[in-house]
Every structure is written in C-alpha cells, then in structure tokens.
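Okay, structure first, notes after.
Every heavy atom of this structure was used, including side-chain atoms; hydrogens, water molecules and symmetry mates were not.
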Amino acid sequence: MVMCLRGITSSRQLLLSRARSLPFNISQAGVPHTTPVWLRGGVVVTPARLFSDDNTERMKEAQKIMEQYNSGYSKQKKRDWMIISVSILLFMFGVSAAAVPLYKLFCSATGYGGTTQKHTKEDEEKLKAMTPVEWRPITVTFTGTVNPNLDWSFEPVQDTVELVPGETCLAFFTARNNSTEVLTGISTYNVTPFEAGVYFNKIQCFCFDEQTLNPGEELDMPVFFYIDPEFALDPDLINARCHNVSLHYTFFNTNDKQSRFDMNEIMANVKSVITGKDKDANNFQIPEGDNIVEVNDLVYKEVIRKGYEKDFVVPGVKVVCHVTGKIKDSGKVFWCTKGGNPFTYTAGVGSLIQGWDEGCIGMSEGEISKIVMSSKKGYGKIGNRSWNIPGHTDLEFEIEILAVR
C-alpha cells in the first residue's frame with residue numbers, strides 16, 4: 001500500500017512539473033485581465049488559454065501523460081489484486097492439505113475422540129520399569145464391525161479381558177473373506193470412554209495397515225497393548241467411576257470406488273418432477289402368506305421367529321436390537337450390527353425412518369422379523385448418500401428385538 005501511494009505521488013509531481021514548464025502569461029494568450037483565472041497546483045488556468053490554438057499541443061501532451069499514468073496505475077492495481085487472490089488460494093489449499101495430519105497429531109497427543117497412543121522406542125524403558133496398579137481393575141471389551149461394501153466377517157476372538165493399569169495384554173481379532181474374489185480391507189479404531197484413549201497404548205496393532213484376503217481365507221490379527229498406570233490417577237475417570245474400556249475396530253474396503261451419485265438416478269428423478277409422475281407409483285406389492293403381517297399399504301412384516309409374547313414395542317419405550325439393512329431388489333447389505341454393538345432407539349418418537357418405526361410397533365422381545373417398506377416410507381426421492389442408497393429404493397430391515405425397556 002505504501003509503495004502504491006508513493007507511485008501515485010511521484011506521478012502527480014511529474015505531471016505538475018511538466019505543466020509548470022509550459023511558459024505563458026495572460027497577456028500573451030490575449031486574455032483580458034478581467035477574465036476569470038484559476039490557480040490549480042501552481043498552474044494558471046483560464047478558459048481562453050484552455051481553448052487557444054497556441055496551447056493545443058500542450059493540452060495533448062498533458063492528456064497523453066495522464067492517460068499513461070491511468071493505464072499504468074490500472075494495470076498495477078489488477079496485478080496487485082491477482083497476487084493477493086492467488087496468495088489467499090494457496091494459503092487455503094495448504095491449510096486444507098495439512099488439516100488431516102494435524103488433526104491426527106492432535107488426537108494422538110491428547111487422546112481426543114478416543115484415539116489411542118502409539119508405543120515408541122522412548123517408551124521401552126518406561127515399559128520395563130512400569131508397575132501394575134493392582135487396586136484398579138479394568139475390563140476391556142473388544143468389538144468389531146465391517147462396512148457393508150466389504151464382504152468380510154470380522155470379530156474379536158475374546159469378548160473381554162480383565163487387567164490392571166501397567167499390565168500388558170495380547171488380544172486377537174479374526175477376519176474372513178466371504179466373497180469369491182480377492183479383497184483388501186483397512187481398519188480404523190477408537191476407544192471409549194474418550195478420556196481413556198490417551199492412556200491406551202498399542203505396542204502392536206493391525207489398524208491402518210492393508211489386509212488382503214483370498215476368497216474364503218481367514219486371518220488372525222493380534223493387538224498387543226497396555227493401559228498407562230496414570231489411568232488410575234485421572235480425576236475425570238475417577239469421578240466417572242470408570243472400570244470399563246471398549247476398543248472398537250471397523251474394516252473398510254480399500255477397492256471401493258463406487259460413486260455416491262448415480263447420474264441415471266438423478267436424471268430419472270428430474271424427469272419425474274418435470275412430468276409430474278411418481279417414479280415408483282404402484283410398484284410396491286405386499287405378498288400373501290401365513291407369516292406376512294400387513295402394517296399398511298406401504299409396509300409389511302415377515303415374521304421369522306416369534307417372540308416371548310411379552311414386553312412389546314410401544315411408543316415411548318427403549319428398544320435394543322440387532323439390525324441388518326438391505327436394498328430390497330438387489331439384496332445388498334448397507335448396514336449390519338451383528339457381531340458388534342446392538343442398536344438402541346426410542347420407539348414412536350420419529351427418530352427412525354417411518355417404515356421401520358411403524359413395522360416395529362407390536363413386536364415382542366425375542367422376535368425376529370423382516371420389515372419391508374416402500375421408498376415412500378424409507379428415504380424417498382432423495383435416498384441416503386451415507387449408505388449409497390439411491391432415491392426411490394424399497395428397503396428391508398431384519399430386526400431382532402433383544403430387549404424392551
């Protein structure tokens with residue numbers, strides 16, 4: 001900014017010096033002394049002098065100088081704004097590129113979000129001198145889930161272990177490829193409660209390492225870890241009376257490149273809006289059978305196993321269940337809690353998609369039923385991008401009621 005102001009000042013001084021170098025006086029211009037005279041920057045300006053033939057060349061020269069100055073100033077201004085804009089874009093790109101590794105460093109340093117700590121060489125001496133805190137027993141629970149796009153089974157060999165802070169432990173998880181093709185998966189993890197993550201140190205782990213399994217191949221993967229003795233002195237964990245820690249892994253398919261947006265589906269949606277015709281009108285049909293229960297015109301329930309005929313699902317109760325969600329036409333699984341933590345929700349309060357909530361009402365504890373619904377009772381015309389479910393898709397949920405509270 002200072003440089004620009006200096007440039008403007010020097011240019012104005014140049015114009016002023018050139019204008020002053022144009023010699024004339026009022027009498028030479030043939031202008032009466034009564035003619036109005038203006039003084040601007042030390043230069044005498046009169047109407048007669050402005051339009052006299054003798055001053056035509058001087059006016060052209062002054063105009064040319066001013067045009068050169070304006071042109072140069074405009075180019076300089078555009079160049080400055082371009083430099084500023086490019087600098088801002090480069091800065092934003094650098095910040096976005098560094099956000100992920102910086103966030104990982106932050107989580108690793110603070111344990112934020114249940115991120116565990118990595119065991120380093122500097123910790124070896126600490127590990128040798130570490131004394132177990134016998135009076136602070138902890139139960140560590142292991143769970144594992146698989147993203148629907150990876151056809152694997154993944155579960156812990158042991159559900160829980162009992163240990164104390166300062167004691168090392170070795171646990172195993174088992175993964176199996178259920179498909180007919182070679183698949184590569186990679187896992188992420190977290191620890192709950194989140195405050196315990198900073199004390200959970202993994203000496204050996206399979207997380208963030210690609211695991212490739214042939215069709216039908218099974219692999220045991222170890223986790224060697226310990227909980228820092230300082231866990232026993234953390235005031236937040238003491239106040240929460242924390243005696244249980246959960247280590248959870250989720251496997252994802254590294255080869256999954258399926259787009260979340262289907263252009264054919266998008267164009268079909270646009271066409272239905274323009275024509276005013278519902279794309280999936282009158283396509284949903286309810287079959288007949290002894291185990292088929294019609295909930296309404298767009299939802300029906302297929303009973304797989306009857307419940308205990310007590311503790312029924314009614315609006316307002318808490319329901320604990322295992323869920324397997326599928327796309328009705330293709331049978332593709334997009335969500336499954338089996339082998340992991342069950343799903344808990346409150347019935348009849350609108351926290352679920354409408355078809356699921358309506359289909360579960362009346363189910364009893366211990367019952368397993370398949371709830372099938374039209375897209376109108378599911379995710380409608382929009383679909384669910386998180387689960388790769390396109391719009392106008394009929395769904396089915398196999399639900400096992402574990403408890404009604």
Where [X] and [Y] come nearest, the two heavy atoms and their spacing:
X      : Y      : value
Pro222 : Gln204 : CG-NE2, 3.8 Å
Leu150 : Gly185 : CD2-CA, 4.3 Å
Lys326 : Gly331 : CD-O, 3.9 Å
Ala232 : Ile238 : O-CD1, 3.5 Å
Gly348 : Asp357 : N-OD1, 3.1 Å
Phe231 : Ala196 : CE1-CB, 3.9 Å

Please determine whether side-chain contact (heavy atoms from CB on, under 4.5 Å) holds for the pair Val313 and Glu367, giving the CA-CA distance in whole Å, both sets of side-chain angles, and the decisive distance to 0.1 Å. CA-CA 11 Å; Val313 177; Glu367 180 179 341; over 6 Å; no
To the nearest 0.5 Å, how far apart are [atom1] in [X] and [atom2] in [Y]?
X      : Y      : atom1 : atom2 : result
Glu302 : Lys370 : CD    : NZ    : 4.5 Å
Thr212 : Leu183 : OG1   : CG    : 9.0 Å
Asn147 : Phe154 : CG    : CZ    : 13.0 Å
Met373 : Glu358 : CE    : CD    : 9.0 Å
Asn190 : Ser246 : CG    : OG    : 7.5 Å

Would you say the side chain of [Y] lies within less than 4.5 Å of the side chain of [X], judging by non-hydrogen atoms?
X      : Y      : value
Phe334 : Thr393 : no
Cys336 : Val146 : no
Leu395 : Ile353 : yes
Arg136 : Val164 : no

Short side-chain to backbone donor-acceptor contact, [X] and [Y], under 3.5 Å:
X      : Y      : value
Asn253 : Asn149 : yes
Thr337 : Val323 : yes
Asn177 : Glu217 : no
Asn296 : Val299 : yes
Thr254 : Thr184 : yes
Asn201 : Tyr199 : yes
Glu365 : Val404 : yes

Run the ring-centre check on Phe343 versus Trp356 and record whether the distance is less than 6.0 Å. yes
Quickly, which of Tyr249, Trp152, Phe251 forms a ring pair (Phe, Tyr, Trp, His ring centres under 6.0 Å) with Phe173? Name it, please. Tyr249
May I ask you to check whether over 12 heavy atoms, not counting those of [X], lie within 6.0 Å of atom [atom1]?
X      : atom1 : result
Asp297 : CG    : no
Phe172 : CZ    : yes
Arg305 : CZ    : yes

Thr174 and Arg176: side-chain contact (heavy atoms from CB on, under 4.5 Å), yes or no, with the steps? CA-CA 7 Å; Thr174 300; Arg176 177 182 175 81; 5.5 Å; no
Among side-chain atoms of His248 and Thr143, is any donor-acceptor pair under 3.5 angstrom? yes
Between Thr250 and Thr145, is there a side-chain donor-acceptor contact under 3.5 Å, judged purely by atom types and distance? yes
Please say whether the positively charged group of Lys377, taken as NZ for Lys or CZ for Arg, lies over the ring of Phe284, i.e. under 6.0 angstrom from the six-membered ring centre and within 45 degrees of the axis. no
Hits for side chain to side chain contact (heavy atoms under 4.5 Å, CB included) against Lys328, two or more places apart or cross-chain, chain-then-number order -> Tyr300, Val372, Asp394, Glu396
